Amino acid sequence: AFALALVLGALAVPAHAEDIDIYAEPNSTNDVPNVLFVLDSSANWSSNIPAANCYFKDNGVVTTNGPKASNPGQEQGKKMAIEKCALYNLVDALPVDPAQDADHNALFNVGFMLLNESPNNGAYPRKAFTALTSNNKAALKTLISSLTIGGDKGSNADFARSLYEAYLYFKGMTPYQGALAPKRDTAAFSGSRYNSPAGASCARNYVILIANGSPESSENNDALAKLTTVGGSISQISYPTSIVSNTDQNNWSDEWARFIRGVDVSGREGMQGIVTHGIAVTGASSDGNYPNFIQAIANQGGGSFHSASD
């Protein structure tokens with residue numbers, strides 16, 4: 001999981017020479033960046049890849065604990081394992097403000113969305129936006145390590161619907177299907193609406209989509225209808241079929257990324273949109289050219305793209 005951890009770290013730590021930098025000097029102590037990880041928990045996360053076993057780090061030290069290594073429910077040697085290790089170790093390593101105490105030293109707000117489990121679709125907030133303080137890191141790492149390959153598998157790889165749900169969350173609007181999941185974090189909601197961290201903030205807002213394969217074509221009509229309803233452009237983006245397959249090209253995830261990049265999710269002055277970064281986890285024999293579409297999503301979302309296989 002070393003390469004994937006480096007990719008995630010590059011997106012979430014200072015890189016002052018790059019405009020894609022997630023970490024920047026906040027406008028106030030309440031305006032730390034909001035980073036929402038959208039994890040492709042569809043069946044694709046069970047894909048076998050030629051990766052060595054990975055392990056979790058606590059306080060930067062490699063432990064003997066890691067994703068499940070044997071059946072039933074084996075995770076090591078599959079895409080899910082390197083994702084769990086990378087996310088766990090990223091949370092462990094992300095910086096905090098040394099001038100503040102352990103309850104108030106967050107430099108990021110971090111949330112996690114997983115794909116809804118059958119019979120629901122789209123995504124749901126598995127962990128509400130949480131200030132990444134020293135004292136909150138343990139709970140976030142426990143959440144990541146406790147995910148299981150079968151017990152948390154989503155029904156479909158609905159990336160466009162997931163970006164729609166992320167938009168509703170950042171905007172503080174009524175959930176689409178995010179409130180239907182039994183495993184949802186109720187702290188993500190306030191009454192019948194999402195409890196947005198962005199509504200009264202000038203903070204930067206980010207989605208990091210971690211994909212394991214192509215999106216599901218069955219979401220296309222609904223994703224288009226939702227994009228039309230919110231007033232987004234339905235001018236479909238085209239690519240050479242040698243680069244992006246027809247099936248991926250008919251999906252609306254890239255148009256959704258384009259829309260949320262240009263929409264204001266804050267009531268404060270200026271424009272606070274949502275930048276979408278894309279990570280394609282590779283190494284499976286069935287991958288094909290799906291990473292090219294994840295790159296297209298990131299391009300339209302104003303973010304960066306990376307692929308990782310270990």
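Values in this document were obtained by computation on a predicted structure and should not be read as measured data. Quick note: residue numbers are just sequence positions, from 1.
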Test item: Q295 side-chain N/O and H306 main-chain N/O as donor-acceptor pair under 3.5 Å | no
Taking D264 for the side chain and S266 for the main chain, is one N or O donor matched with an acceptor at less than 3.5 Å?
-> yes
Sub-4.5 Å side-chain heavy-atom contact between W252 and L224 | yes
Between S42 and D40: side-chain donor-acceptor atoms closer than 3.5 Å = yes
To the nearest 0.5 Å, what is the distance between OG1 (T276) and OH (Y206)?
-> 11.5 Å
Under the 3.5 angstrom rule, does the side chain of S201 hit a backbone N or O of G199 as a donor-acceptor pair?
-> no
What distance do L39 atom CG and I208 atom CD1 have between them, rounded to the nearest 0.5 Å?
-> 11.5 Å
Taking C-beta and beyond as the side chain, do P125 and Y194 meet within less than 4.5 Å on heavy atoms?
-> yes
With a 4.5 Å heavy-atom cut-off, do N205 and V35 have their side chains touching?
-> no
Compare all side-chain heavy atoms of N120 with those of S155 and state whether any distance is below 4.5 angstrom.
-> no
Quick one: salt bridge (Lys or Arg N to Asp or Glu O under 4.0 Å) partners of K68, sequence neighbours excluded?
-> none
Can you tell me if D158 uses its side chain to pair, donor with acceptor, with the backbone of G122 under 3.5 Å?
-> yes
Is there a donor-acceptor pair closer than 3.5 Å between any side-chain N or O of N250 and the backbone N or O of N246?
-> yes
Considering all heavy atoms, the nearest I260-Y167 contact = CG2-CB, 3.7 Å
Looking just at side-chain N and O atoms, do T133 and N136 make a donor-acceptor pair shorter than 3.5 Å?
-> yes
Ignoring hydrogens and angles, tell me if any N or O in the side chain of E165 forms a donor-acceptor pair with the backbone of Q177 under 3.5 Å.
-> yes
How long is the gap from OG1 on T63 to CG on N65, to the nearest 0.5 Å?
-> 4.0 Å
Is a salt bridge present between K183 and D152, judged by a nitrogen-to-oxygen distance below 4.0 Å?
-> yes
Is the gap between the ring centers of H277 and F305 under 6.0 Å?
-> no
Does the side chain of N212 pick up a donor-acceptor pair with the side chain of E83 at under 3.5 Å?
-> yes
Between D103, N105, D101, which is the residue that forms a side chain to side chain donor-acceptor pair (under 3.5 Å) with N135?
-> D103
Distance-minimising heavy-atom pair for M113 and Y169 = CE-CD1, 3.9 Å
Taking C-beta and beyond as the side chain, do I294 and I279 meet within less than 4.5 Å on heavy atoms?
-> no
Is there a donor-acceptor pair under 3.5 Å between the side chain of Q272 and the backbone N or O of A203?
-> no
Do Y239 and D254 have side-chain atoms, one donor and one acceptor, less than 3.5 Å apart?
-> yes
Here the gap from S218 atom OG to R161 atom CZ, rounded to the nearest 0.5 Å, amounts to 6.0 Å
Taking all heavy atoms of S214 and all of F159, pick out the closest pair and write down the distance.
-> C-CE1, 4.2 Å
Is E75 salt-bridged to K84, cutoff N-O under 4.0 Å?
-> yes
Looking only at side chains, do N251 and E219 share a donor and an acceptor under 3.5 Å apart?
-> yes
Establish, yes or no, whether a centroid distance under 6.0 Å links the rings of F170 and F129.
-> yes
Carboxylate-amine/guanidinium proximity below 4.0 Å for K141 and D58 | yes
Between the CE atom in M80 and the CH2 atom in W45, the distance rounded to the nearest 0.5 Å is 3.5 Å
How about N156 and N121: does a side-chain donor come under 3.5 Å of a side-chain acceptor?
-> yes
Salt-bridge present (D287, K79; N to O < 4.0 Å) | yes
Check the angle between the aromatic planes of W256 and F259 and answer parallel, tilted or perpendicular using the 30° and 60° thresholds.
-> perpendicular
Path from L180 to M173 over hydrophobic side-chain contacts below 4.5 Å = no
With distance as the sole test, does R193 use its side chain to make a donor-acceptor pair with the main-chain N or O of G172 at under 3.5 Å?
-> yes
Is a donor on one side and an acceptor on the other found under 3.5 Å between the side chain of K78 and the backbone of S47?
-> no
Does any non-hydrogen side-chain atom of I237 lie less than 4.5 Å from one of R258?
-> yes
Just how far is it from atom CG of L227 to atom CD of Q236, taken to the nearest 0.5 Å?
-> 10.0 Å
Is a side-chain N or O of Y290 found less than 3.5 angstrom from the main chain of A211, in a donor-acceptor match?
-> yes
Give me the ring orientation class for Y164 and Y176: parallel if the planes are under 30° apart, tilted from 30 to 60°, perpendicular past 60°.
-> tilted
Passing candidate, side chain to side chain contact (heavy atoms under 4.5 Å, CB included) with F112, options V38, L140, L147 = L140
If Ile, Leu, Val, Met, Phe, Trp and Tyr residues are connected whenever their side-chain heavy atoms lie under 4.5 Å apart, and connections chain through other members, are L90 and V62 in the same group?
-> no
Does the side chain to side chain contact (heavy atoms under 4.5 Å, CB included) test come out yes or no for V96 and L132, once each step is laid out?
-> CA-CA 8 Å; V96 294; L132 193 63; 5.7 Å; no
